[in-house]
Amino acid sequence: MNPSTANIEEAILSAILAGRINPGTRLGEQKLADLFGVSRTRVREAMMRLETRGIVQVSARRGWFVIEPSAEEAREAFQTRRVIETGLLQTLRRVPPEVVRSLKEHVAFEREAIDAGDVQSRACLLGDFHIHLADALGNRLLTEIIRDLTARTTLISMLYQPTEKAEESSHDHGDIVAALETGDIETAARLMDEHIAKVEAGLDLTAKPDPLAGLRELLTPSTFAGAPPSIPSPNPPLARAPSGRRPAAPRAHRHSSRKED
């Protein structure tokens, strides 16, 4: 794989996992080519690889877009994560002390981000826990698969999750690590299954994403201190004359004999 192509893939995937790229975001080939200093051919190669990984899709007329998973695709993604991540833990015989130590440090970073109110960091760390777990256990193939699945479920959460339950998720991670530390693999696998099921249950899959949400937000008038937005008058007030008296309106446009106040 070309290094520049890998950099583009990694940058887009990392931004999705950190919650910086929303579902449906358009990824223009020329802009990406300018940003990374590569040809559009290299960008297209990266996009095609991300498409095979289920992260982007292409429209014949509009170009490349980050996926917007449907409710059915969301269910399938979480079901797949439960099978893979629970199965990964069930195959373990023991967890090396250095892996437990690394996972405990990761959970501590999660708690710090939550306490600091750092939404972007905590979202990135909570999603990265699952990737870090697979990576720490030394299975590179599973790490790649879980990374892609986590990116998909991050996009799903953006579409269907009404509120974040960051503290609850981090607490679940801590419980999983505690079970691994004591060597209770069966409990760790059960907790992982319950954790992913809990995250899925927190989604409102009956909600249909609003395709006009971004435009609607841009065009919604802002309010100040609860006051209704001001509406420009079709007849703006006349400028004051230097003497402070209001100048008379042009007579050519007057059709009423009524005297002005």
Side-chain angles (χ1 to χ4, degrees), residues 6-7 9-21 53 55 77-78 80-158 161 163-203:
N7 289 340
E9 284 184 66
E10 178 62 26
I12 292 173
L13 199 60
S14 295
I16 290 173
L17 288 166
R20 296 195 304 270
I21 294 183
R53 297 169 69 177
I55 305 301
F78 276 97
T80 303
R81 279 191 61 180
R82 290 175 68 180
V83 170
I84 291 177
E85 296 190 50
T86 302
L88 171 63
L89 294 179
Q90 288 173 338
T91 60
L92 297 177
R93 293 186 178 180
R94 61 179 295 273
V95 180
E98 61 272 19
V99 170
V100 172
R101 183 167 56 252
S102 176
L103 292 171
K104 290 174 73 173
E105 289 177 356
H106 187 93
V107 173
F109 288 140
E110 292 178 2
R111 303 280 171 79
E112 288 178 9
I114 291 169
D115 293 341
D118 188 341
V119 177
Q120 190 174 90
S121 292
R122 83 185 185 198
C124 183
L125 286 165
L126 288 172
D128 198 47
F129 171 81
H130 299 266
I131 303 166
H132 184 56
L133 175 59
D135 187 49
L137 295 175
N139 192 315
R140 293 180 58 188
L141 179 57
L142 276 176
T143 300
E144 291 181 8
I145 293 172
I146 291 173
R147 184 174 173 82
D148 290 352
L149 282 170
T150 302
R152 289 175 68 87
T153 51
T154 297
L155 294 169
I156 290 164
S157 295
M158 290 182 188
Q161 193 171 44
T163 55
E164 278 191 309
K165 296 185 177 180
E167 291 187 22
E168 187 175 341
S169 288
S170 184
H171 181 74
D172 288 350
H173 293 170
D175 288 345
I176 292 168
V177 174
L180 291 174
E181 186 174 22
T182 61
D184 191 348
I185 305 300
E186 183 179 349
T187 296
R190 176 179 57 80
L191 290 172
M192 177 65 79
D193 183 71
E194 292 174 355
H195 166 60
I196 297 175
K198 194 185 302 180
V199 174
E200 181 183 2
L203 304 177

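Side-chain atoms are counted along with the backbone in the values below, which use heavy atoms only and exclude waters and symmetry mates. Being a predicted model, the structure only gives us computed values, none of them experimental.
- Defined by atom type and a distance below 3.5 Å, a donor-acceptor pair is missing between the side-chain atoms of R147 and H130.
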- Task: Evaluate the side-chain contact (heavy atoms from CB on, under 4.5 Å) criterion for residues R53 and L13: first the C-alpha distance (whole Å), next the side-chain angles of each, then the deciding distance (0.1 Å), finally the verdict.
- Result: CA-CA 10 Å; R53 297 169 69 177; L13 199 60; 3.3 Å; yes

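- Rounding to the nearest 0.5 angstrom, the gap separating the CD1 atom in I55 from the CD1 atom in I21 is 10.5 Å.
- The shortest heavy-atom contact between I16 and T154 is O-CG2, 3.3 Å.
- Heavy-atom minimum distance, M158 versus G19: CE-CA, 3.1 Å.
- By the 4.5 Å heavy-atom criterion applied to side chains, L125 and I114 are not counted as neighbours.
- Not one N or O on the side chain of S14 forms a donor-acceptor pair closer than 3.5 Å with the backbone of A11.
- Side-chain atoms of R122 and S169 include no donor-acceptor pair closer than 3.5 Å.
- L88 has its side chain within reach of I146: a pair of non-hydrogen atoms, C-beta onward, lies under 4.5 Å apart.
- Taking the side chain as every heavy atom from C-beta outward, L141 and N139 approach each other to under 4.5 Å.
- Across every non-hydrogen atom of I156 and A77, the tightest pair is CD1-CB, 3.8 Å.
- Judged by distance alone, with hydrogens and angles left aside, the side-chain atoms of S170 form no donor-acceptor pair with the main-chain N or O of E167 at under 3.5 Å.
- With values rounded to the nearest 0.5 angstrom, I185 atom CD1 is found 13.0 Å from R190 atom CZ.
- No side-chain heavy atom of L89 sits under 4.5 Å from any side-chain heavy atom of T86.
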- Query: So L17 and I131, side-chain contact (heavy atoms from CB on, under 4.5 Å) or not? Walk me through it.
  - Reply: CA-CA 11 Å; L17 288 166; I131 303 166; 3.9 Å; yes

- Query: Checking side-chain contact (heavy atoms from CB on, under 4.5 Å) for the pair L149/F78: CA distance, chi angles, key distance, verdict?
  - Reply: CA-CA 8 Å; L149 282 170; F78 276 97; over 6 Å; no

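- In this structure, H195 and H173 have side chains that are in contact, with non-hydrogen atoms separated by less than 4.5 Å.
- Nearest heavy atom pair, residue A134 against residue T143, reads C-OG1, 3.3 Å.
- Put simply, the side chain of D172 does not reach to within 4.5 Å of the side chain of L191, judged on heavy atoms.
- A search for side chain to side chain donor-acceptor pair (under 3.5 Å) contacts involving D184 returns T187, not counting sequence neighbours.
- A search for ring-ring contact (aromatic ring centres under 6.0 Å, His included) contacts involving H132 returns H106, not counting sequence neighbours.
- Going from atom CG of L180 over to atom CG of L137 covers 7.5 Å, rounded to the nearest 0.5 Å.
- Between S121 atom OG and D128 atom CG the span is 11.5 Å, to the nearest 0.5 Å.
- Looking at F129 and L103, their side chains come closer than 4.5 Å, going by heavy atoms from C-beta outward.
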- Query: Does the pair T150 and R81 meet the rule for a side-chain contact (heavy atoms from CB on, under 4.5 Å), with working shown?
  - Reply: CA-CA 8 Å; T150 302; R81 279 191 61 180; 4.2 Å; yes

- Run the salt bridge (Lys or Arg N to Asp or Glu O under 4.0 Å) check on R140 and E144 step by step: do they pass? CA-CA 6 Å; R140 293 180 58 188; E144 291 181 8; 5.1 Å; no

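- Legend: salt bridge (Lys or Arg N to Asp or Glu O under 4.0 Å) pairs involving residues 92-121, not counting sequence neighbours, sorted by first then second residue: K104-E181.
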